[in-house]
Amino acid sequence: MDNLTIDGKRLWDSLMEMARIGATAKGGVCRLALTDLDLESRRLFTRWCEEAGCSVSFDAMGNIFACRPGRNPELPPVMAGSHLDSQPTGGKFDGAYGVLAGLEVIRSLNDHGVETEAPLELAVWTNEEGSRFAPSMIGSAAFAGAYDLDFAHRCADIDGKTIGEELARIGYLGEGCGGRPVGAYFEAHIEQGPILEAEGKTIGVVTGAQAQRWYEITLTGQESHAGPTPMARRKDALVGAAAVVTAVNRIGQDFQPGACSTVGMMEVRPNSRNVIPGEVFLTVDFRHPDDGRLAEMDEELRGVLETVAKDAKLAFEIEQVMLVEAVPFEESCVAAVRNGAERYDHAWREIVSGAGHDAIYMAQVAPAAMIFVPCEDGISHNEIENATPEDLAAGCEVLLHAVLEKAGAR
Ligand code: GLV
Ligand code: MN
Ligand code: MN
């Protein structure tokens, strides 16, 4: 079959229309998981899929599946997907691109009157970002059986609202989750880093993703008056937290090449300017392409906490709330992505994902791979996140090829 075309303008227009839901003043998107804005994006997605002739359903995690039948209903579906939730200061493309590139594949197949052998499914995974509810990627993880539904439904946001309650509130608490065969899974995404842009490559053929660990840490000292309390008598939890932040950054530097380390969230209690902070809650995000090196970073962090707590006269608790091992993607799916880049004549290179993606969990239950396209200055998780219509269309062409290679078409 000749190379099929996709409609890059229709893809771009759909991205821009989706980005109006939760649009921020600086040109980004704030569409936290299971909020009313998330619901609005789900409704728009569902309408578009139904207009494209798909039947749409959702499961007990609120993961949405839009199905385009194949010639052989006995075959497991070939899936494409990503997420529609965003960071609080998110961009227009993180997640939405993979979802709408998948939709553009289906729309294009409709335009060309192409039937596939295997059914196609477009997936929207719940709470990929992990910003409102930790752990991240929990919808796809539950689908893959990595978390049980009870655990997933009990995960709560900072106000104590749980995933289960919020799914019920927005009408997306379906039945069942996963436990069915998937023929292959592909996810298109912006790179969220600087490599493709710097090397002038249009397509990242993603061979795997690095390992991650997330932690929640509470340091406890003693609240007391900022005026009369002498320096020597203080148990200042924020002073301890400052040392932890510095140490986390140092660990990231010590474990080069490859390590990333971030404290992204902190709560100072009681957060009053003339009270010595009695308690600090903070999060740590550690990543490394090598599971063993990440385990060493874990040991370092625990050692740092012991020392800091002793020096600042604090108690501490640490909970590891997520462990994702390094994932190699499946060779024949990676090859399908590479073949797509070759066939459509796009400059490509192999790349390992620095970010977490639903494909990481789907790789546990199906052959999976990803397609990256460049983003401006490598910036993501930022309202200024940007990508060119041409690169986004190129990634969509590669997705189309990979899906057809795995689903079979005539
Ligand atoms: C998901 O956005 C991640 O944290 O990598
Ligand atoms: Mn994403
Ligand atoms: Mn993200």
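Just follow the structure's listing: the first ligand is 1, and inside any ligand the first atom is 1. If you read the sequence from its start, that first residue is 1, and numbering goes on from there. The figures here come from the full heavy-atom set of this structure, side chains too, leaving out hydrogens, waters and symmetry mates.
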Taken to the nearest 0.5 Å, the spacing of Glu385 CD from Asp94 CG works out to 5.5 Å
Tyr361 and Tyr147 aromatic ring geometry - parallel, tilted or perpendicular at 30°/60° bounds: tilted
So, are Arg47 and Glu51 salt-bridged, with charged N and O less than 4.0 Å apart?
-> yes
In this structure, CZ of Arg107 is separated from SG of Cys49 (nearest 0.5 Å) by 8.0 Å
Open item on the list: Taking the basic N atoms (NZ, or NE/NH1/NH2) and the acidic carboxylate oxygens, is any pair closer than 4.0 Å for Glu223 and Arg269?
Closed with: no
*Note: Arg343-Asp345 ion pair, threshold 4.0 Å (strictly below)*: no
Less than 3.5 Å apart, N/O on ligand 1 and N/O on the protein: could you list those pairs with the distances?
residue: ligand 1; atom: 2 (O); partner: Glu129; partner atom: OE1; Å: 3.0
residue: ligand 1; atom: 2 (O); partner: His381; partner atom: NE2; Å: 3.1
residue: ligand 1; atom: 4 (O); partner: Arg287; partner atom: NH2; Å: 2.7
residue: ligand 1; atom: 5 (O); partner: Arg287; partner atom: NH1; Å: 2.8
residue: ligand 1; atom: 5 (O); partner: Arg287; partner atom: NH2; Å: 3.4
residue: ligand 1; atom: 5 (O); partner: Gly356; partner atom: N; Å: 2.6

Protein N/O/S atoms closer than 2.8 Å to the Mn ion (ligand 3), ordered by chain and number, come to Asp94 OD2, Glu129 OE1, Glu129 OE2, His381 NE2
Would you find a donor on one side and an acceptor on the other, under 3.5 Å apart, between the side chain of Asp358 and the backbone of Trp125? no
The N/O/S atom of His189 lying closest to the Mn ion (ligand 2) is NE2
Is there a donor-acceptor pair under 3.5 Å between the side chain of His357 and the backbone N or O of Ala359? no
Separation between CG (Asn63) and CG (Leu167), nearest 0.5 Å, reads 9.0 Å
Test: Arg42 cationic atom under 6.0 Å from Phe65 six-membered ring centre, within 45° of axis
no
